[in-house]
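Please read the structure below before turning to the comments.
Counting from 1, the numbers follow the sequence of the chain as shown.
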Amino acid sequence: MTLQQSQSNQVMETSEELSMVAFGFMASKALFAGLHIDLFSKLSGASLSIDEIAAATKVPRNRIMTLVTALSSIGALVFEDGRVTNSPAAEQFLVRGAKYDFGDYLRYQIDKQMYPFLQQLNEVVDGTLDADAVDSYAHWMSDSEQAVLYSESQHAGSLGPGRTLARQVDLSKAKTLLDVGGGTGAMTISLCKAYPELESTIIDFPNVAEIGWKFVSDAELVNRVRYIPGNVIETEWPTGQSAVLMSYLLSGVPGDRINDLIEAAWNSLEPGGKLMIHDFMVDADRRGPTLAALWQLQHMAFTPDAQSLSLGWLDARLRERGFEIAERGELIPGMTKLIVGVKPA
């Protein structure tokens with residue numbers, strides 16, 4: 001192969017990659033459309049023809065054919081010999097009621113809320129969007145309908161990472177946990193189930209706290225969990241805590257407030273206490289992971305002054321305050337990372 005042919009092939013490969021990125025939103029919307037008609041649940045454990053799917057979903061055959069073809073092309077479905085089945089990933093993650101089901105997270109939060117936010121991204125980037133028009137979590141969560149939609153879908157997406165966190169960080173000696181921006185308590189519930197002696201306090205917006213009580217009650221943890229309704233940036237935090245958790249918090253606040261939150265965590269912790277920060281974090285070389293980088297961009301659409309987080313950057317901030325770093329690494333592979341700082345005894 002000549003140098004010219006090699007360069008030509010590289011250009012073609014790059015062109016194909018860029019095309020896939022450019023049309024990624026179409027793949028996402030295909031997935032959302034499948035969830036909207038409960039397609040993956042109807043295919044669970046089954047192999048159906050196009051006509052059978054059309055009858056089960058009450059969607060015209062031509063539309064089902066086009067949608068199934070698109071979903072098969074991205075690997076969400078398997079289309080062979082005229083019959084359709086779920087891919088292993090779809091069966092595990094997109095079937096309603098499956099152990100790892102986060103279909104509602106995609107169907108409601110991502111499709112109904114995040115995608116509309118991204119329509120203002122251009123104006124956020126170039127600074128032409130009026131400051132009063134930029135949405136924020138505080139404004140967003142003041143709307144009870146939006147708070148319900150966001151919180152209930154987020155809950156489904158956080159239970160799994162909560163179980164992973166419980167395995168990665170030893171809280172066997174912890175008595176109290178402060179879950180800052182803990183939403184409906186998915187992380188708290190996972191940690192309290194893993195550590196029966198642990199009691200948790202969650203700080204989050206009033207509308208979110210009301211929704212969270214249902215999940216806490218369903219988990220039979222009302223005697224071990226309490227809420228402090230309020231904005232975490234403005235609310236006074238309790239002291240003497242064994243552990244403080246900030247999950248998906250720092251990527252959604254202005255970057256110039258991060259040191260304030262780290263300071264608040266320091267003051268809240270007892271000597272020997274652990275600060276756990278779990279969030280979308282990119283690598284130091286800024287080449288990825290792709291999902292983490294794209295989630296950070298999405299957050300910027302409604303928090304224009306958000307900081308692009310990396311483990312190294314947070315490591316430096318924690319050490320500056322006096323924390324000793326006990327752990328750092330991935331939590332959700334390719335998407336989120338975890339850093340644990342300990343307040344010296």
Side-chain angles (χ1 to χ4, degrees), residues 158 161-183 185-188 190-192 194-195 197-204 228 232-233 235-286 289 292 295-296 299 306-333 335-345:
S158 293
R163 290 190 290 266
T164 303
L165 178 64
R167 292 193 298 269
Q168 285 194 209
V169 181
D170 182 10
L171 295 178
S172 58
K173 296 181 180 179
K175 298 298 182 184
T176 54
L177 167 71
L178 178 62
D179 191 352
V180 186
M187 288 283 189
T188 276
S190 294
L191 291 172
C192 284
Y195 297 100
E197 301 301 316
L198 189 65
E199 296 185 356
S200 179
T201 299
I202 303 172
I203 304 177
D204 215 311
I228 298 178
V232 301
I233 294 177
T235 301
E236 184 176 350
W237 298 8
T239 57
Q241 301 296 299
S242 305
V244 171
L245 171 63
M246 300 179 189
S247 180
Y248 300 125
L249 175 66
L250 299 188
S251 60
V253 301
D256 61 4
R257 301 309 299 268
I258 290 178
N259 281 340
D260 296 337
L261 293 173
I262 292 173
E263 179 69 23
W266 176 275
N267 294 332
S268 182
L269 285 167
E270 64 184 8
K274 296 179 178 179
L275 169 59
M276 301 171 287
I277 299 177
H278 166 239
D279 221 312
F280 303 106
M281 301 185 206
V282 296
D283 297 333
D285 61 10
R286 296 282 161 181
W295 268 107
Q296 288 185 355
H299 275 68
Q307 170 72 36
S308 177
L309 303 173
S310 70
L311 271 180
W313 188 86
L314 276 172
D315 185 300
R317 303 289 84 72
L318 294 183
R319 290 182 190 274
E320 286 172 2
R321 183 56 193 88
F323 283 99
E324 298 172 352
I325 306 303
E327 183 177 344
R328 46 181 283 175
E330 281 193 325
L331 190 87
I332 303 176
M335 185 181 296
T336 67
K337 300 183 190 296
L338 170 72
I339 185 167
V340 180
V342 178
K343 181 176 180 179

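Here the shortest heavy-atom pairing between D256 and D260 reads O-OD2, 4.0 Å. Contact record, C192 with L198: SG-O, 3.7 Å, taken as the closest heavy-atom pair. Nearest approach of G240 to T176, heavy atoms of both residues: O-OG1, 3.5 Å. Here the closest non-hydrogen pair linking W237 and S268 is CE3-CB, 4.2 Å. When all heavy atoms are compared, the tightest approach of G182 to D204 is N-OD2, 3.5 Å.
Between the CG atom in L318 and the CD1 atom in I325 there is a gap of 4.5 Å [rounded to 0.5 Å]. Taking CG of L165 as the reference point, atom CG of L245 lies at 6.0 Å (rounded to 0.5 Å). The distance from atom CH2 of W295 to atom OG1 of T336, rounded to the nearest 0.5 Å, is 11.5 Å. The line from NZ of K337 to CD1 of I332 is 11.5 Å long, rounded to the nearest 0.5 Å. Between the CG atom in L191 and the OG atom in S247 there is a gap of 9.5 Å [rounded to 0.5 Å]. Annotation: the span from M246 atom CE to S251 atom OG amounts to 12.5 Å, rounded to 0.5 Å.
For the ring-ring contact (aromatic ring centres under 6.0 Å, His included) test, residues two or more places apart in sequence or in another chain that qualify with W266 are F323. Take A306 and apply the side-chain contact (heavy atoms from CB on, under 4.5 Å) test, not counting sequence neighbours, and it matches T303. Every side-chain contact (heavy atoms from CB on, under 4.5 Å) that S190 has, sequence neighbours left out, goes to L159, R163. Listed by chain and number, the residues in a salt bridge (charged side-chain N to carboxylate O under 4.0 Å, His left out) with D315 are R319, R328 (sequence neighbours excluded). Among residues two or more places apart in sequence or in another chain, the side-chain hydrogen bond (donor to acceptor under 3.5 Å, both in side chains) test is passed with T201 by R226.
E324 places a side-chain heavy atom less than 4.5 Å from the side chain of P344. Inter-residue side-chain proximity for S242 and E270 is flagged as met; some heavy-atom pair is nearer than 4.5 Å.
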Would you mind writing out the side-chain donor-acceptor pairs for residues 307-314 within the sub-3.5 Å range, not counting sequence neighbours?
residue	atom	partner	partner atom	Å
S308	OG	R286	NH1	2.4
S308	OG	Q296	OE1	2.5
S310	OG	W313	N	3.2

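Remark: the backbone N or O of L261 is not paired with any side-chain donor or acceptor of E263 at under 3.5 angstrom. Without hydrogens or angle criteria, Y248 side chain to G181 main chain gives no donor-acceptor distance under 3.5 Å. D170 places a side-chain N or O within 3.5 Å of a backbone atom of S172 that can act as its donor or acceptor partner.
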Quiz item: For S200 and D179, what are the C-alpha separation, side-chain angles and deciding distance, and is it a side chain to side chain donor-acceptor pair (under 3.5 Å)?
Solution: CA-CA 7 Å; S200 179; D179 191 352; 5.0 Å; no
Quiz item: Step by step, would you call E199 with K175 a side chain to side chain contact (heavy atoms under 4.5 Å, CB included)?
Solution: CA-CA 6 Å; E199 296 185 356; K175 298 298 182 184; over 6 Å; no
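The side chain to side chain contact (heavy atoms under 4.5 Å, CB included) test with Q168 is passed by exactly one of E327, E330, M276, H278: E327. A side chain to side chain contact (heavy atoms under 4.5 Å, CB included) with V180 is found for exactly one of I202, L275, L249, namely L249. Checked against V244 for a side chain to side chain contact (heavy atoms under 4.5 Å, CB included), the options L269, N267, I262, L177 give a single hit: L269.
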